[in-house]
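Everything numeric here is computed off the predicted structure, so don't read it as measured data. Note: hydrogens, waters and symmetry copies are ignored here, and every other heavy atom, side chains too, is used. We count residues from 1, following the sequence as given. Counting convention: from 1, in listed order, for ligands and their atoms alike.
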Amino acid sequence: MSMGPRGGGRGGRFLEDEEKANAPKITKELIVRILSYLKPYWKQMTIVLIAIIVSSAFSIYPSIITGKIIDEGLIARNMNKLVFYILLSLGVTLLSNLIGVLENYLNSWIAQHITFDMRNQMYAHLQKMSQSFFTTNNQGDIITRMTSDIDGIQFIIINTFVNILSNSITLIIALITMFQKNWILALVGIIIVPLFTIPTRKAGKTRWSITKEAQACNDEMNGILNETLSVSGQLLVKLFGKEEKEYQKYREVNEKMIGLNIKESMAGRWFFMVIGTVASVGPMLLYFVGGLLMIRYGYDLTVGDITVLVTLLGRMYGPVNSLLNIQVDWIRSMAMFTRIFEYFDMPIEIQSPKNAKKPEVIKGDITFDHVYFQYNEDRMILKDITFELKSGHSIAIVGPSGSGKSTLVNLIPRLYDVTKGSVKFDGIDVREWDLEALREEIGIVSQDTYLFNGTIRENLLYANENASEEEMIAACKKANIHDFIVNQEKGYDTEVGNRGLKLSGGEKQRISIARVLLKDPWVMIFDEATASLDSISERAIQDAIDPLIAERTSILIAHRLSTILAADEIIVVKDGTIVERGTHKELIALNGVYTELYNTQFKVEGMTE
Ligand code: ATP
């Protein structure tokens, strides 16, 4: 978790990216790609399609029968026909609604399944993203994409696609019927329709830009919540007394959000008001022109015909209105798909090569061969690092803070890939290894110990779910934490709290050592916490480390003399290069960087050589 710069800047950039991606570029590839998600459900979709056609056609049929009710029933005073058409109309409506239920069910079934597929695919993809993806991207953005964006897709499938289809069908049937009755009146009806488009275009545009802004605002709000309501974030806020400042920041974004939401709903209101007014002018115009044709010009039109036309016109407003609105939803939907696909398209930078190597016998040798590494273009973090670590041996890496020690060890399990040179494990470049097999052989106890919210047992078994109770206890005994655990009221079933924060730093570290011991890798990397511990905890940790390095190839990023002395060789890293190497005695004799570190850091521990 970082409390780095965030807010306006990041939100703004997000919007820019969005705008670029969204400048509604609806390409054939995009459509084909979207359809590929629908493909597995084509059978269900076909049924939905038929259901939509039938129910839309049936739903408009009663309007057509209205003419017959009036002409053949009411005006002709024929009771039998009147009852027949009324029953027919009711029957058709019932049927149409029943089909609608089936369509709804199938539709949400399809939508749920598509989002299920997408969510799984996205999660699996994100799991494969390199570490730098997670250090670079805002957690809020990632979560928004996993949740709201994919939920949005569901909405699109349930609403947008179906609306487009059913409204188009209703419209087509209405138009055909109108033209059959009387082409002049049909044309009058059609002339009214373009009146919708003028306000729609404007309302759609405003709504679109507000929606985008609201989306960025939402991301920003999620970001703030994620950062400040996390345990470590809260701790930071509290310790620096920033509650009021964070509150103000949140309030500001929240206020902006409310403003945008109101603006968005108002953009729609004006639109509906205009549409509503136009809608009431339409029928009157039809009655007038219809009356004119019938009374003045003797056209062959019945009262029923004119009523049907007016009813059908009424039935057209809804679909036209929807279809025009859908343009906005459609663009928004395409943007959502684009945003999701953008994530899918991010290359998986670190993965097993095609002919990945997976040696049968593992020795545990590590070689750094002229390794250079940079996180970003601007700065080389590691420069020309060369060393060899033989199986079963241990090496201590020391150096000033920020010199690149953690970075160096992260290259071994390929959390990052070298920029130049190579890191070899058992003589094979780690980039040629089967990634899973490689990581299986490397255990890291990192500086920032992470435990999942759960029990101690669950956290331990994360390393090896098949470990027996005895193995687990043996690992904890080795890691010098067993006694502590059994002294807890619930023993191994003690809850560790969010990120393990119910435990002390030293306890967490020893649990994480036990966790790695359960994994039993060939190579052990121990990134010692810089925080100073009291001498008892330090002894406990040291006793935990000793068995860890005894039988394995080990790298110790050390800040304590006791740890340094446990290693066979010491490498001193400064500004990303190895400046000195040797044993403690040899390095002290050099009177260089190591001696300086020794005098300022290690010696104060009060230990002697
Ligand atoms: P410490 O002893 O304080 O843990 P270190 O020697 O382990 O320090 P590293 O964590 O390897 O140092 O960091 C080396 C340099 O790389 C630092 O200057 C740091 O700012 C930079 N750095 C670390 N992680 C990243 C990252 N994800 N992106 C960009 N720069 C990074």
With atoms numbered from 1 as shown, which atoms in ligand 1 lie under 4.0 angstrom from a non-hydrogen atom of [X]?
| X | result |
| --- | --- |
| Y416 | 27 (N) |
| S406 | 4 (O), 5 (P), 7 (O), 10 (O), 11 (O) |
| S403 | 6 (O), 12 (O) |
| T407 | 9 (P), 11 (O), 13 (O), 14 (C) |
| K405 | 1 (P), 2 (O), 5 (P), 6 (O), 7 (O), 8 (O), 11 (O), 12 (O) |

Would you mind telling me if ligand 1 is within reach of the side chain of [X], the backbone, both or neither, using heavy atoms under 4.0 Å?
| X | answer |
| --- | --- |
| H559 | side chain |
| I381 | side chain |
| R379 | side chain |
| F134 | neither |

- Task: Heavy atoms only: give me the nearest P400-K574 pair and the separation to one decimal.
- Result: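 Reported closest heavy-atom pair: CG-CG, 4.1 Å.
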
- Query: If you look at every heavy atom in S422 and V371, which pair is closest and at what distance?
  - Reply: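 Here S422 and V371 meet closest at O-CG2, 3.2 Å.
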
- Give me the ring orientation class for F344 and Y37: parallel if the planes are under 30° apart, tilted from 30 to 60°, perpendicular past 60°. parallel

- Message: How about CZ on F116, more than 12 heavy atoms from neighbouring residues, nucleotides or ligands closer than 6.0 Å, or not?
- Response: no

- Side-chain donor or acceptor of T553 paired with backbone N/O of G392 under 3.5 Å: yes

- Item | Polar proximity ligand 1 side, N376 side, N/O cut 3.5 Å exclusive |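 Between N376 and ligand 1, no N or O pair is found under 3.5 Å apart.
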
- Do any nitrogen or oxygen atoms of L408 come within less than 3.5 Å of a nitrogen or oxygen of ligand 1? no

- Message: Do the side chains of D365 and K424 get close enough for a salt bridge, i.e. N-O under 4.0 angstrom?
- Response: no

- May I ask you to decide whether D151 forms a salt bridge with R119, counting only side-chain N to carboxylate O separations under 4.0 Å? yes

- Item | Criterion side chain to side chain contact (heavy atoms under 4.5 Å, CB included) against I481, the qualifying member of I513, L460, I511 | I511

- Selection from P400, A558, G404 by shortest heavy-atom distance to atom 12 (O) of ligand 1: G404

- Item | Closest to atom 14 (C) of ligand 1 among S446, G402, S401, S132 (heavy-atom distance) |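 Looking at heavy atoms only, the winner is G402.
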
- Task: Could you tell me if any non-hydrogen atom of G399 lies under 4.0 Å from any atom of ligand 1?
- Result: no

- Under 6.0 Å between ring centres, would you say that holds for F368 and F373? no

